[in-house]
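We use all heavy atoms of the structure for the numbers below, so side chains are in, but hydrogens, waters and symmetry mates are not. We count ligands from 1, going down the list as the structure has it; atoms in each ligand are counted the same way.
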Amino acid sequence: MASVVGFLREYRVVTATLLVGLLGGILELAGPPDAARWTISVFALVVAALQARGMIADLRAGSYGIDLLAVTAIVSTVLVGEYWAALVVCLMLSGGEALEDYAAGRARRELSALLERAPQIGHRFLPDGTVVDVPVTELVVGEEVLVKPHELVPVDGVLLSEDATFDESSLTGESLPVDRRRGDDLLSGSVNGGEAVRVRVTAAAADSQYQRIVELVREAQDSKAPFVRLADRVAVPFTVVAFLIAGLAWFLSGEATRFAEVLVVATPCPLIIAAPVAFMAGMSRSARNGVIVKGGGTLEQLSRVRTVAFDKTGTLTYGTPHVARVDVADGLGPDEILSLAAAVEQYSSHPLAAAIVAAARERRLTVPAATDVEEVTAHGVRARVDGRAVVVGKASFVADEVSGVRDVPLEPGQTGVHVGVAGRYAGVVALADEIRAETSETLAGLHRAGVRTTMMLTGDAEPTARHIAAGIGIDDVRAGLLPEHKVDAVRAVTARPVMMVGDGVNDAPVLAVADVGVAMGAKGSTAASESADVVIMLDDLYRTVRAVQIGRRTMRVAWQAIGIGLGFSLVLMLVAAAGLLPAIVGAWMQEVVDLTCILWALLASRPGREERAEQNRVEALRAERVRTAGAPVGRTELARQ
Ligand code: ADP
Ligand code: MG
């Protein structure tokens, strides 16, 4: 009951319309002749006038008012004496707004939940070991906080307790709880398991994972472009056709009533409401799957993607290479080369750098400090170590500084990091990076979802790139590219839209020029997720397929909803033009049509047949992979829809 009162208070025009309807009914039965007609007509005209005012404001703001039909419908029904029909149109107009709010609310359920669940407080440890509650915004990097059982991790941090389990599903879409050990990174917004843990803060609230997602989601919700465009494309022709039919019906029959009867069933509510609802539902569903889409326009592009380009390291591969061996030239031994390379690489954030440092540590080599460190993006790093000039990177880069670089063939698929010391070539560190378990099924899935061409864009050497591409079935391989060459390559693609998937290291420019830039793993650099249109929260390449599928499903549902609404409307118009549909019946029929197409649009909240088939296929593949030889299981996880 309370909710009914709340509803009536919030939607005043609906309430007024219902009251006028009640009053009209009483007057019709017991009032003086024509009292009902006058009351209802005046009210309907006022509603029409209000609507027209809004329409003019819209026109001024540059968007087409497609309410012209509704306004004309009200005025013409009043003029021909079909005032009850006019009242039903008023109800539809005002009720439509309520319906829209309801549908939009349902459609963005997950997005809203994400925003509302943001962590608010943290439990700070005081020096004496006691704990006080402070707002998350006051937590500073380096301090320790307590996270109680089943609580949200307030900001990003590292685990200080021995081990614990966290539910990261709202962040990544990964439904299984993940185990974390002492020293592991924790994401704000993940939910602690059953034990209280200590956490050291590594990022302030504003820089933390959850708060960044919230930012992305806000951006997504605010973007309205495609809804308007989609509707605009159809609105004007539809309006013209409606007026033509109505005018022709009037002309041929000689009855003005026909004009009103046609327009009553011509209100294009599907255009205004159904498409936005479908888009909102699509964005919400992708968020639930760990894919943050930064706007409805991106969903539209995703649905049509023709070409997909991938970065290699960290995208097609895990991006956690390991040192396979060290080839020495002459002079220095392998350990010395590794130790010097690590000394330089410890200042770089490149995945290859991390691997070299890790290898040196593993072999318990000393890693001296370096000075004058200079990293040249996509080439390598130069620095001074113990008075010697050390240069580390790709063959051509090292060859600029030292002579005698030998670009010896490595094992297929391995990447060579060359090392020059004090003007002489020292040798090469061979690194192997594993191809992701889900890479092949991702490429196949993309093709099934309508993608024509797949490309690999990499800064790595040609033989390495070719070997990896051959194993996974990539069509087009471009190797030895600098970031600006990657940009050129994406710009030159003719089969568009083109999607670029990168892991975030050095990828920001190329993500920005692609029609759809996809950044893998929110843990990647901030720069990349800012220039990306889609951020995949989980380190799972297969989510790119999910993103395309959700885009396709959303567009299909949006067009279906519009088609159903306008199709029915058109049929009703023709029936009305033939004089077979009294205005009052038509007005109610149109209500039914509106409701149907809005409910249809909400179907974008659920996967379609194509998606379910793909899901079954991939699940079978994974089961197969587990059965045979216990091959590593990809993190592709499709249970959540
Ligand atoms: P990718 O396209 O595979 O992501 P990048 O553009 O990041 O590759 O780098 C291209 C190449 O440049 C690498 O394969 C490597 O040979 C070299 N390189 C870049 N940065 C470094 C570094 N810090 N240490 C060693 N080599 C590097
Ligand atoms: Mg890279």
Item to check | salt_bridge(R546, E438) N-O dist < 4.0 Å | outcome: no
If you measure every N or O of [X] against every N or O of ligand 1, does any of those distances drop under 3.5 Å?
X: E345; value: yes
X: A378; value: yes
X: V376; value: no

Checklist entry - Just wondering, are more than 12 heavy atoms of other shown residues or ligands nearer than 6.0 Å to CZ in R452? => result no
Could you tell me which atoms of ligand 1, counted from 1 in the order shown, lie closer than 4.0 angstrom to a heavy atom of [X]?
X: S348; answer: 23 (N)
X: D311; answer: 1 (P), 2 (O), 4 (O)
X: L352; answer: 13 (C), 15 (C)
X: T313; answer: 1 (P), 3 (O), 4 (O)
X: D460; answer: 14 (O)
X: G393; answer: 25 (C), 26 (N)
X: V381; answer: 23 (N)

Supply the atom-to-atom distance [X] [atom1] to [Y] [atom2], rounded to the nearest 0.5 angstrom.
X: I292; Y: M283; atom1: CD1; atom2: CE; answer: 10.5 Å
X: K312; Y: I435; atom1: NZ; atom2: CD1; answer: 9.0 Å
X: R180; Y: N192; atom1: CZ; atom2: CG; answer: 12.5 Å
X: L482; Y: H485; atom1: CG; atom2: NE2; answer: 5.0 Å

Checklist entry - Are the side chain of H467 and the backbone N or O of T464 linked by a donor-acceptor pair below 3.5 Å? => result no
Checklist entry - Which is it for H379 and ligand 1 at heavy atoms under 4.0 Å: side chain, backbone, both or neither? => result backbone
Checklist entry - Counting heavy atoms only, which of P483, G319, A341, G459 is nearest atom 8 (O) of ligand 1? => result G459
Next on the checklist: Checking T317 against D433: is there a side-chain donor and acceptor pair closer than 3.5 Å?
Outcome noted: yes
